[in-house]
Number of protein chains: 2
Amino acid sequence: MTAAPEPRKDGMASEEMVWPDELFLDLDRNGPVPLYFQVSSRLEAAIRSGAIPPGSRLENEIAIGQRLGLSRPTIRRAIQELVDKGLLVRRRGIGTQVIQGQVTRQVELTSLYDDLRNSDKEPSTTVIKHAVIPATDLVANMLGLPAGADVLYLRRLRSTDDVPVAVLENYLPPEFADISPENLEARGLYQILRSRGVGIRIAQQKIGARRAQRDESRLLGIDKGGPVLTMERVAYDNTGRAVEFGHHCYRPDLYGFETTLVAK
Amino acid sequence: MTAAPEPRKDGMASEEMVWPDELFLDLDRNGPVPLYFQVSSRLEAAIRSGAIPPGSRLENEIAIGQRLGLSRPTIRRAIQELVDKGLLVRRRGIGTQVIQGQVTRQVELTSLYDDLRNSDKEPSTTVIKHAVIPATDLVANMLGLPAGADVLYLRRLRSTDDVPVAVLENYLPPEFADISPENLEARGLYQILRSRGVGIRIAQQKIGARRAQRDESRLLGIDKGGPVLTMERVAYDNTGRAVEFGHHCYRPDLYGFETTLVAK
DNA sequence: CAGTGGTCTAGACCACCCT
DNA sequence: GGGTGGTCTAGACCACTGG
């Protein structure tokens, strides 16, 4: 780390046009990685490391293209990726600037398991219940199955470093009934689905809060009737077919949801 | 409404290629609205109305372009908009399909005030506190101001149809100290900022839960120590300067957060 | 005025999927 | 092999911003 990129106190954007000397000279034109992605990921790394400081302006798109030997649309797409991530801001007639203020990670479409792994925790799972049951009307509707159809019901306790963090309840179509409890204790659910060729592409979530119910307070080690953070999710695969419905509750002192919103 | 677009029970995607007869013949090439946006919004309306049923396949991009007299990149961008919204799914070598399963609204970068207005409620606001105070270290850090700098502190109670929904606490840079309580009771905060030429472009949010504190339970009309849903937000303007920091708590039985996540 | 991003075009080649 | 989306190019015109 060099000098800390402290925010300016005068409200003006700094306009130095800094470019980390030739950090973009190893583009692979033949490999499978798209050029716009190679550019955007190198650019993102330079911003997150502070090599391109907050508030600084980028060169215009054509100039960057000439510098890298790429066309303007390719550069434009690379920049757009970072605008969507909230790292850059574009203004017509002005230029492109690095955002001021600390940058954080985006909430991606990942499972809790992956979230925890990525934050240096060691997640573990206990399968509390694993059974094929007839779907309630709610579950059947969410999964697009006929009422009363068989579904796989899972109830799991997710912990990090042996501290319980969440109670996870899931419902899956019956074709997944052969997913074993042992498998579920070793890997995340989305990881298992992916290895079976089922890629999750879209999910709809609702986040809320309520009192801990029934045995949730005991499982999570919190006060009886204490607050829990809840998340309900329906996940769809490539074809838009509903693959998983779940409602989960989290210990609010150990887990929360972070998002970056970018206005269109 | 025609026949209800009920989900298929056999797990196969329907592949009829339906096109609402010539719904795209009134493109305005000279107006200020981009062509890709005209296409995507008409397409979105057709999908949400059921005119293009769930699971149906679209024509390929070039054919659509010829039909509308537009180039492939323009069509591609229109389709991409709807993919990002979670309405369409694209697969290489296969085609583009309408998602199966009910579609809901996206969480946009809007204020609670706008959210409530859009859902047919009548929001009202009571300003509980309106004062210029020295910033705590946390607030100064979030807003990028020197420690102890003056900030405008707001505490508001937001209700719909006279039922309290949320307690909102905000901190703004001192240049906004002239925003009057009367103004705040008539309009949303983001609306006021916009009318002063301050457009919010990026916000970072953290969502969590905890027990109601102090007088929050009284203000919200819930049990003492009952659960509340919390949201903390830092909002940045065009230039990436922090414009607003707030932490809010919501009655969990009256409000929640919905999101659609799309994997990249 | 010159410079910037926003949009649009008309091609091209490739990787992937199905049959 | 034929069709699809994924990527890339080399131009063009426009709207907006600043001095």
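Any value given below was found using the heavy atoms of this structure, including those in side chains, with hydrogens, waters and symmetry copies removed. Each chain gets a letter, A, B and so on, in the order the sequences are listed, and its residues count up from 1.
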Do the side chains of B:E59 and B:R67 get close enough for a salt bridge, i.e. N-O under 4.0 angstrom?
yes

Whole angstrom is fine here: how far is it from CD1 in B:I62 over to P in C:dC14?
16 Å

Can you give me the first and the last nucleotide of DNA chain D (5' to 3') that has an atom within less than 4.0 angstrom of a non-hydrogen atom in chain B?
D:dG3 to D:dT7

Return the set of residues passing side chain to side chain donor-acceptor pair (under 3.5 Å) with B:E44 (not counting sequence neighbours), or none when no residue passes.
B:R48, B:K85

If you assign A:T74 and B:Q80 each to the DNA chain D nucleotide with the nearest heavy atom, which residue ends up on the more 5' nucleotide?
B:Q80

Let me know, please, whether B:F37 or A:N30 comes out on the 5' side of the other along DNA chain C by nearest nucleotide.
B:F37

Assign each of B:I75 and A:R90 the nucleotide of DNA chain C bearing its closest heavy atom; nearer the 5' end lies the nucleotide of A:R90

I'd like to know if B:R241 and B:E175 make a salt bridge, using a cut-off of under 4.0 Å between side-chain N and carboxylate O.
yes

Any carboxylate oxygen within less than 4.0 angstrom of a Lys/Arg side-chain nitrogen, looking at B:R76 and B:E81?
no

Pick base, sugar-phosphate or nothing for A:P73, based on heavy-atom distances below 4.0 Å to the nucleic acid.
base

Taking B:D237 first and then B:R194, would you say they form a salt bridge - that is, a charged N and a carboxylate O separated by under 4.0 Å?
no

When you compare the side chain of B:I79 with that of B:L88, does any pair of heavy atoms fall below 4.5 Å?
yes

Nucleotides 16-19 of chain C: which of its N/O atoms have a protein N/O under 3.5 Å away?
none

Under 4.0 Å between any heavy atoms, over every strand shown, what does A:L35 touch: base, sugar-phosphate, or nothing? Just pick one.
sugar-phosphate

Does a salt bridge link B:R90 with B:E61, judged by any charged N lying under 4.0 Å from a carboxylate O?
yes

Between A:Q97 and A:R57: side-chain donor-acceptor atoms closer than 3.5 Å
no

Give one of base, sugar-phosphate or nothing for A:R77, where a contact means two heavy atoms less than 4.0 Å apart.
sugar-phosphate

